[in-house]
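Computed from heavy atoms alone, side chains included, the values below leave out hydrogens, waters and symmetry copies.
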Amino acid sequence: MATLKGQNFRLLQQDPVSGKFRCFGMSTNASINQSANTDDATTKDVLGMASMPTVTSKSAQISVETLTITNAVELLKAIASGVPFTLIWDEVSTVNNQTPVGAAFARTVKAFLNDVTLNLNDRENTATSLQFASASPIAKITSTPTYEMV
């Protein structure tokens with residue numbers, strides 16, 4: 001299992017007709033846990049050697065804390081549309097906790113929202129936590145797509 005800490009996290013959705021991306025939220029605190037399923041490695045070949053396990057599928061769970069939502073009404077419409085979100089995270093503009101490759105660290109994944117937690121203690125202290133389940137493999141990207149704020 002791999003855990004990645006995203007420093008610049010963006011919640012986007014691509015319009016199926018125009019192909020343009022719309023941004024619904026940003027955060028500086030995201031955790032991505034990726035896990036893989038493997039085939040049965042207990043079978044042995046003719047020499048009695050156990051075979052190497054082969055990855056058969058991968059999945060990822062994405063947790064986002066303190067998401068800044070640009071427009072809650074539009075976000076609800078996006079959730080109801082059934083189109084998966086595009087999640088992008090990188091470390092382009094941070095100074096703390098950068099990976100050795102710095103700006104070259106950028107990943108994207110298509111994912112569906114599967115849990116929302118709103119903690120409204122008082123007007124000053126509110127917290128939004130979102131959980132996503134991946135709908136595609138996590139991929140490295142070389143450039144962040146342009147998008148419009150909703």
Side-chain angles (χ1 to χ4, degrees), residues 1-41 52-150:
M1 176 175 68
T3 302
L4 305 172
K5 288 285 189 182
Q7 300 300 324
N8 294 313
F9 177 88
R10 287 168 301 288
L11 174 63
L12 309 172
Q13 191 177 57
Q14 189 172 20
D15 186 284
V17 178
S18 69
K20 293 182 180 180
F21 284 95
R22 300 185 316 156
C23 182
F24 294 100
M26 298 143 298
S27 178
T28 56
N29 187 2
S31 296
I32 296 88
N33 295 315
Q34 181 173 278
S35 57
N37 294 323
T38 59
D39 62 355
D40 185 13
M52 286 288 293
T54 305
V55 174
T56 57
S57 64
K58 290 183 180 179
S59 63
Q61 292 292 322
I62 300 98
S63 300
V64 182
E65 302 291 332
T66 63
L67 181 74
T68 302
I69 298 173
T70 56
N71 187 326
V73 174
E74 290 296 319
L75 177 60
L76 291 174
K77 288 180 185 176
I79 294 168
S81 72
V83 177
F85 288 99
T86 300
L87 311 178
I88 296 175
W89 63 95
D90 59 32
E91 292 188 354
V92 173
S93 65
T94 61
V95 291
N96 296 327
N97 297 326
Q98 279 195 332
T99 61
V101 291
F105 179 85
R107 301 287 187 269
T108 184
V109 67
K110 297 231 184 254
F112 288 102
L113 183 66
N114 65 356
D115 183 50
V116 177
T117 303
L118 298 174
N119 187 1
L120 307 173
N121 296 331
D122 53 49
R123 292 180 188 207
E124 290 81 23
N125 298 313
T126 62
T128 305
S129 174
L130 302 177
Q131 302 279 329
F132 294 89
S134 64
S136 73
I138 295 176
K140 184 176 180 179
I141 57 175
T142 56
S143 63
T144 303
T146 57
Y147 52 86
E148 62 180 82
M149 301 298 283
V150 183

Nearest non-hydrogen partners of [X] and [Y], listed with the distance:
X	Y	result
F112	V83	CE2-C, 4.2 Å
L113	Q131	CD1-O, 3.5 Å
Q34	I138	OE1-CD1, 3.2 Å
S134	V109	CB-CG2, 3.8 Å
Q61	N114	OE1-ND2, 3.9 Å
P84	Q13	O-CG, 3.9 Å

In Å and rounded to the nearest 0.5 Å, what is the [atom1] to [atom2] distance from [X] to [Y]?
X	Y	atom1	atom2	answer
L75	R22	CG	CZ	10.0 Å
L11	F132	CG	CZ	4.5 Å
M26	R10	CE	CZ	9.5 Å
E148	D15	CD	CG	8.5 Å
L12	L87	CG	CG	8.0 Å
N71	C23	CG	SG	11.5 Å

Mind checking whether F85 and F24 have parallel, tilted or perpendicular rings, split at 30° and 60°?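 Plane angle over 60°, so perpendicular.
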Does a donor on one side chain sit under 3.5 Å from an acceptor on the other, for S59 and S35?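 Yes, S35 and S59 have a side-chain donor paired with an acceptor closer than 3.5 Å.
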Would you check if the side chain of S27 reaches a backbone N or O of F9 as a donor-acceptor pair within less than 3.5 Å?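 No, the answer is negative, given that no donor and acceptor are paired below the 3.5 Å cut-off.
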Answer whether the closest heavy-atom distance between the side chains of I88 and Y147 falls below 4.5 Å.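 The answer is no; the side chains never approach within 4.5 Å.
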